[in-house]
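The structure appears right after this line, and notes come after that.
Chain A is the first sequence line, chain B the second, and so forth, proteins listed ahead of strands; every chain is numbered from 1.
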Amino acid sequence: MSSIATGLNPEQLAAVEHGQGPLVVFAGAGSGKTRVITRRVAHLIEAHRVPPYRILAVTFTNKAARELRERLEQLTPGQAKSLWVGTFHAVCARLLRAHAAQIGLRKDFVIYDDADQKSMLTRVIDGMDLDDRVFPPKQVAYRINTAKQEGKSPDMLEARDPFERTVREIYAEYEERMAAASALDFGDLIYRLVRELDQKPELRAALKARFSHVLVDEFQDVNHVQFAFVQALCEEHRNLCVVGDDDQSIYRWRGADRRNILEFRQHFPDATVVKLEQNYRSTQRILRAANAVVAHNLEREPKRLWTENEDGAKVTVVACDDDRDESHTVVQAMLMLADNGYARKDLALLYRTHAQSRVFEEALRRSNLPYRVIGGLRFYDRAEVKDLLAYLRVIHNPADDVSLVRIINKPARGIGKTTLERMTETAARGGTSLYAALLALRDDSSQPAASRKKLAAFTELLDKLTERKDRGPATLARDVLAATSYIDALRAEDTPEADSRIENIQEVLTSMDQYEADASEPNLTEFLELVTLETDADRSVTDDAITLMTVHAAKGLEFPVVFVAGLEEETFPSHRGYAGEEDPDELEEERRLAYVAFTRARERLFLSYANQRRIYNDIKLRRRSRFLDEIPRDEVNLVGAARRPSAPAPMRSPYGGGSSSYSSGSNYNAGYSASRPPARSVTSRPAQRVEPPRGSYIDRSEANDLDGGIALGMRVQHSKFGIGRVTAVADGVPPRVTVDFPDGSRSIISSYLTPV
DNA sequence: TCCGAATTAATTTTT
DNA sequence: TTAATTCGGA
């Protein structure tokens, strides 16, 4: 038992040993949050004799869930297996399956990811004879997802204008098609469960008695339905422990509501509050820089994050001429670090958007530095992988329309557009699945014989495969590949792309074998669920390579050396290109994102920007991010091509008059005293509090007010479509308006329009 | 029905 | 720029 308390500071210990009732832990970056959660669960099991299966721990990623389970296995051998640990999505999926009959769901429902959802919506919109330029599936999907995050069914959706009324109808129709396919989208997993909990007292009673202790990690990123779910589970015992950091809330666009943690005490007035403010991860300088930036936010829980770690090196700001220069300089620095005691896997490059990875990838390849990109295109999103999985899904559940459409003519078997249209029509008329319609057409003697024959061949193939359904996913997948000659077709192509596709398929097969070896009762349903809920970030790092990823993906990770690239206005902070002044909430979220990025670094932090950048065709002048100017000058070492007398639009900084006073001429490599510091000694220096600089809000009098707002009825110009009139305005991300152009109505992102 | 060519729209972040 | 989708000819 002593092992549970070893090495904890008083606040951590208080959180670990807290007894009954609600608990909120404000855990600053690097304050040992994971440690507290792990120890607390172990403590509940060991000291309070809580059976593991009555403890639920919700994490943000599958990887975090796995790690939690592994660490607990070490702390409490043999007990961790029966714990409930997982993401909201995984946990809710499991509960939905367990109570499927009660809820009126098929136990083996499939989960649709975003791409599946979008193709379902495309089919729905098409089937309703609507113009998908006026109702772009992506935009409708965004609205439906938002509705589900807020717990709204179609009839609860606002419909103030014709556009919104139609969206509501699409939503309703979509729900019916999803039910017919016995499919749930990501949003459904939580929303449906919460809805059932509201409507079925027996279910609510069962679930609130199911767990005795609930823990939620990254609570600042929980949205409305997720909180409702947690509240329902805890309303009886009230043993709810939430852990989070409002400064690290970066998922507002996904419905995350920081008020959930900031106002936790209003929901649970008797909640115990613990603040973890000692940082064990970063150097003083890194922490001071990060603190100074986030201190510019107005709406936050006051806190003082401090560390006993040494001062460390100054934060290096790398000023570059252009994007090529930036990638080159960053890679040079990486090479130097790699020569001076750092392993490649100690280095990470973070950026705001995936699109930024390209230039760096090229530069890294040229320098023969091994790297891995996290995110972007998910492994399971690759076309060939999706094809194979679609076969498995149809075998598993023939009513899965989206998957059926995907494979029906892959490989080409002469079932084309005409036949598919006929099927869709029949299905719509009879209110059945596409597969049922397919069978009907096959058996309908009034149909053309040639098409009937092709359909029969296809169903025969499926039937043959379905017979072997229970032999495990891996075997089944190999059967599918053999029966469709999928790999043979790729091999015949004999191109590098085809080869890499074959490799990807091999990798799926390997992961299936792995799954069968690991799972207690391997089955197709579980495997398919695992695969759709798995993110790229969940795949673990083993090889010695530099990691490239978005700041979002870096949440919860740490690296000895972190590079953050593209610190420029419009990019980081990003802005949605909406006309007029900036949204202060959005800017504050960007600042929190910067805070997350900076605090990933343990020893060295490099921040880079370019004065001009190639975007599409032309070269755009860029302005250094205001976040850079929010870092105290003393913590910064400026290197690189900062010789330009002044940036395009000099910014006033609280630490100096303008950019010229900031830079100190061209001292190209001055910043790289790159060798790794000796292993950190256990210092017992008195704690130095790091205070944010006071009164340093930047005067941004030259804020861009170039383009005016787009409003209803306004005449606007688009570079391609010419001049038109705005007929509807929709807020959203990004904001769009519907415009009547000479050649028809279109939905356009408003930043692509100029008023005339 | 299929394939390559032409067209067109788009850049945030993800379970 | 480039990815995705549509189009047109075979």
Side-chain angles (χ1 to χ4, degrees), chain A residues 58-65 86-93 111-115 117-118 122 132-133 136-138 142 145 148-149 184-191 218 221-223 225-226 249-256 323 350-359 374-378 381 383 409-420 450-451 454 529 532-538 549-555 566 570-577 586 589-590 592-593 596-597 613-619 718-721 733-734 736 743 746-749 751-752:
Chain A
V58 184
T59 57
F60 199 71
T61 61
N62 295 298
K63 190 176 162 202
T87 61
F88 273 104
H89 299 265
V91 167
C92 289
I111 300 170
Y112 275 7
D113 66 17
D114 285 349
Q117 179 188 40
K118 214 184 111 215
T122 307
D132 63 2
R133 285 172 309 181
K138 221 173 135 184
Y142 172 76
N145 294 338
K148 287 180 177 176
Q149 279 157 20
L184 297 182
D185 61 35
F186 281 153
D188 279 329
L189 294 174
I190 300 135
Y191 160 68
E218 307 282 10
D221 282 323
V222 162
N223 67 32
V225 257
Q226 290 170 337
S249 169
I250 54 176
Y251 284 95
R252 193 170 69 110
W253 48 276
R254 213 171 73 187
D323 44 349
L350 311 183
Y351 35 74
R352 183 66 239 281
T353 66
H354 286 303
Q356 293 170 253
S357 74
R358 242 191 122 94
V359 238
I374 308 280
L377 190 56
R378 258 178 17 146
D381 284 344
N409 201 30
K410 205 170 282 172
R413 49 173 74 88
I415 306 178
K417 215 163 77 186
T418 328
T419 316
L420 196 57
S451 130
K454 287 169 187 161
E529 175 177 318
T532 33
L533 294 181
E534 186 92 353
T535 331
D536 210 32
D538 293 329
M549 63 182 138
T550 64
V551 181
H552 281 90
K555 181 163 116 160
E570 321 262 290
T571 300
F572 201 172
S574 121
H575 84 148
R576 341 185 255 179
E586 192 187 317
E589 175 133 327
E590 294 293 318
R592 291 193 292 271
L593 206 46
V596 169
R613 192 175 285 280
R614 214 192 167 76
I615 295 181
Y616 305 137
N617 265 341
D618 50 5
I619 289 163
H718 185 272
S719 56
K720 279 269 156 53
F721 306 127
V733 188
R736 285 167 171 277
D743 59 332
R746 274 160 203 280
S747 170
I748 306 277
I749 292 177
S751 59
Y752 286 87

Within the structure provided, determine whether A:Ile111 and A:His89 are in side-chain contact (heavy-atom separation under 4.5 Å). no
Expressed as a whole number of angstroms, how long is the span from A:Lys118:NZ to C:dA4:P? 9 Å
For A:Glu590 and A:Ser574, indicate whether the former's side chain and the latter's backbone hold a donor-acceptor pair under 3.5 Å. yes
Among A:Asn223, A:Val225, A:Val222, A:Leu189, find the one that has a side chain to side chain contact (heavy atoms under 4.5 Å, CB included) with A:Phe88. A:Val222
Below the 4.0 Å mark, does B:dT13 have OP1 or OP2 next to a side-chain nitrogen or oxygen of A:Ser574? no
Expressed in angstrom and rounded to an integer, what is the separation of A:Leu189 atom CG from B:dT15 atom P? 14 Å
Of A:Thr550 and A:Ala355, the one whose closest nucleotide on DNA chain B sits nearer the 5' end is A:Ala355
Would you state whether a donor and an acceptor, one from the side chain of A:Arg352 and one from the base of B:dT13, lie under 3.5 Å apart? yes
Taken to the nearest whole Å, CD/A:Gln226 to P/B:dT14 is 16 Å
Integer-rounded Å distance: C:dA3 C1' and A:Arg358 CZ: 10 Å
From OH of A:Tyr251 over to P of B:dT13, roughly how many Å is that when rounded to an integer? 11 Å
Of the listed nucleotides (B:dT1, B:dC2, B:dT13), which one gets closest to any side-chain atom of A:Thr419? B:dT1
Choosing from B:dT13, B:dC2, B:dT15, which nucleotide comes nearest the side chain of A:Asn409? B:dC2
What distance, rounded to whole Å, do you find between the two C1' atoms, one in C:dT5 and one in B:dT12? 23 Å
What is the distance, to the nearest angstrom, from the CG atom on A:Asn223 to the P atom on B:dT15? 14 Å
Among A:Arg592, A:Lys555, A:Arg254, the one residue meeting salt bridge (charged side-chain N to carboxylate O under 4.0 Å, His left out) with A:Asp221: A:Lys555
Between A:Asp188 (CG) and B:dT15 (C1'), how many Å, whole number? 13 Å
Heavy atoms under 4.0 Å, any strand shown: does A:Asp114 hit a base, just sugar-phosphate, or nothing? base
Assert: residue with more 5' nearest nucleotide on DNA chain B, out of A:His89 and A:Glu590, is A:Glu590
If the plane angle is over 60° it's perpendicular, under 30° parallel, otherwise tilted; pick one for A:Tyr251 and A:Phe60. tilted
So is the aromatic ring of A:Trp253 stacked onto the base of B:dT13, judging by whether the centres are under 5.5 Å apart and the planes are under 30° apart? yes
Establish, with yes or no, whether the OP1 or OP2 oxygen of B:dT14 is under 4.0 angstrom from a side-chain nitrogen or oxygen of A:His354. yes
Interatomic distance where NZ belongs to A:Lys138 and P belongs to C:dT5 [whole Å]: 11 Å
Counting only Watson-Crick or G-U wobble pairs whose two distances fall under 3.5 Å, which nucleotide matches B:dT12? none
